[in-house]
Amino acid sequence: MPSDTMRHELVNGELKTISLAGFGHGITGTELAARLHQHVKSNKLGVVLNADTGFVLRRNPDTVRAPDVAFVKASRIPTGPQLAKFLEGPPDLAVEIVSPTDTVDALEEKVADYLAAGCLMVWVIHPKAKYITVHRPASQPLVLRESDHLDGQDVLPKFSCIVADLFT
């Protein structure tokens with residue numbers, strides 16, 4: 001992977017450059033990450049990670065994704081030299097925040113990659129339209145509107161927030 005200032009993902013062995021996000025995208029990501037971090041830390045559930053963290057979802061050809069926000073359970077946190085490497089396997093929760101340059105096909109591919117690798121839950125946040133789609137393995141997507149509660153279910157026990165609170 002290159003070590004320049006752009007973000008990259010490796011998809012089926014092909015390097016993909018990811019555009020840097022806009023200001024509102026950053027606010028939404030930080031708002032969610034802060035809420036998740038506080039909940040995860042106070043309940044000793046694991047760690048919340050930012051978009052700089054790579055997850056190896058597949059090998060030969062390799063796929064390494066970097067969700068906007070991620071959660072990894074405490075039992076899966078690597079130690080020692082493994083901390084400097086990409087995590088082998090998916091996060092337990094992957095969060096993708098839709099930006100104007102994202103396509104529906106690209107987002108669907110990311111969600112499919114996370115779930116196929118064993119991710120327990122994927123949240124796709126649509127800041128412009130102010131809704132969130134929740135994806136789980138072998139389940140139909142669930143759409144949450146502004147007045148709904150985003151629930152961590154069995155992945156993040158007791159985590160809940162009103163969807164509208166995540167948007168500027």
Side-chain angles (χ1 to χ4, degrees), residues 4-11 15-43 45-55 57 63-73 86-87 90-137 139-168:
D4 59 19
T5 59
M6 293 299 293
R7 289 186 57 216
H8 303 279
E9 289 183 328
L10 192 60
V11 180
L15 191 66
K16 303 275 185 178
T17 300
I18 300 170
S19 298
L20 296 178
F23 198 79
H25 185 283
I27 292 172
T28 300
T30 300
E31 185 66 42
L32 177 62
R35 289 168 185 265
L36 286 174
H37 176 74
Q38 181 178 6
H39 178 78
V40 166
K41 188 170 184 173
S42 65
N43 291 284
L45 298 175
V47 293
V48 175
L49 303 144
N50 66 18
D52 294 333
T53 309
F55 295 87
L57 303 182
T63 295
V64 179
R65 295 279 192 189
D68 292 308
V69 179
F71 163 71
V72 174
K73 291 180 181 183
F86 297 136
L87 183 68
D92 295 292
L93 167 68
V95 180
E96 291 291 341
I97 302 169
V98 179
S99 62
T101 59
D102 287 331
T103 66
V104 171
D105 289 344
L107 286 168
E108 287 176 355
E109 180 181 32
K110 284 183 180 188
V111 170
D113 283 348
Y114 291 128
L115 295 176
C119 188
L120 302 175
M121 186 161 41
V122 181
W123 294 341
V124 179
I125 300 178
H126 303 262
K128 187 174 180 182
K130 298 187 179 181
Y131 72 93
I132 298 172
T133 307
V134 178
H135 300 267
R136 299 289 307 255
S139 297
Q140 290 296 315
L142 173 65
V143 175
L144 301 174
R145 303 289 176 191
E146 288 182 89
S147 61
D148 294 326
H149 283 262
L150 177 61
D151 185 340
Q153 302 175 30
D154 60 326
V155 179
L156 285 160
K158 299 181 185 174
F159 175 81
S160 180
C161 71
I162 297 171
V163 170
D165 291 346
L166 300 176
F167 303 116
T168 57

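As the structure is a prediction and not an experimental result, all values here were calculated from the model. All values below were derived from every heavy atom in this structure, side-chain atoms included, with hydrogens, water molecules and symmetry-related copies excluded.
Taking CG of L49 as the reference point, atom CG of L87 lies at 8.5 Å (rounded to 0.5 Å). To the nearest 0.5 Å, the span separating OG1 on T28 from CG on L166 amounts to 7.5 Å. A distance of 12.0 Å separates SG in C119 from CZ in R65, rounded to the nearest 0.5 Å. Annotation: the span from S160 atom OG to R35 atom CZ amounts to 10.0 Å, rounded to 0.5 Å. One finds the NZ atom of K110 at 12.5 Å from the NE2 atom of H135 (value rounded to the nearest 0.5 Å). In this structure, L120 CG and F71 CZ are separated by 9.0 Å, a value rounded to the nearest 0.5 Å.
In this structure, V98 and K128 have side chains that are not in contact, with every pair of non-hydrogen atoms separated by 4.5 Å or more. Contact annotation: the side chain of V134 approaches that of L144 to within less than 4.5 Å [non-hydrogen atoms, C-beta and beyond]. By the 4.5 Å heavy-atom criterion applied to side chains, L93 and L36 are counted as neighbours. Side-chain atoms of I132 and H126, non-hydrogen and from C-beta on, never get closer than 4.5 Å to each other. Under the 4.5 Å side-chain criterion, counting only non-hydrogen atoms from C-beta, V111 is not in contact with E96. The shortest side-chain heavy-atom distance between F167 and P127 falls under the 4.5 Å cut-off. Residues V72 and P91 have side chains in contact (heavy-atom distance under 4.5 Å, counting atoms from C-beta outward).
Put simply, the side chain of D68 never gets that close to the backbone of G29: no donor and acceptor are under 3.5 Å apart. With N43 contributing its side chain and L45 its backbone, the two residues share no donor-acceptor pair below 3.5 Å.
Closest of all the heavy-atom pairs between A66 and Y114 is C-OH, 4.0 Å. Between F55 and P90, the shortest heavy-atom distance links the atoms CD2-C, 3.9 Å.
Under a cut-off of 6.0 angstrom, the local environment of NE2 in H37 is sparse, with at most 12 non-hydrogen atoms contributed by other residues, nucleotides or ligands. Shown here is E146, whose CD atom has more than 12 heavy atoms of other residues, nucleotides or ligands within 6.0 Å.
Residues forming a side-chain hydrogen bond (donor to acceptor under 3.5 Å, both in side chains) with D154 (at least two apart in sequence, or on another chain): R136. Under the salt bridge (charged side-chain N to carboxylate O under 4.0 Å, His left out) criterion, D151 pairs with no residue at all, not counting sequence neighbours. Looking at residues two or more places apart in sequence or on another chain, you find a ring pair (Phe, Tyr, Trp, His ring centres under 6.0 Å) between H39 and F159.
By the 6.0 Å and 45° rule, R145 stacks over the aromatic ring of Y131.
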Evaluate side-chain contact (heavy atoms from CB on, under 4.5 Å) for I162 paired with H149, printing each intermediate quantity in order.
-> CA-CA 4 Å; I162 297 171; H149 283 262; 3.6 Å; yes
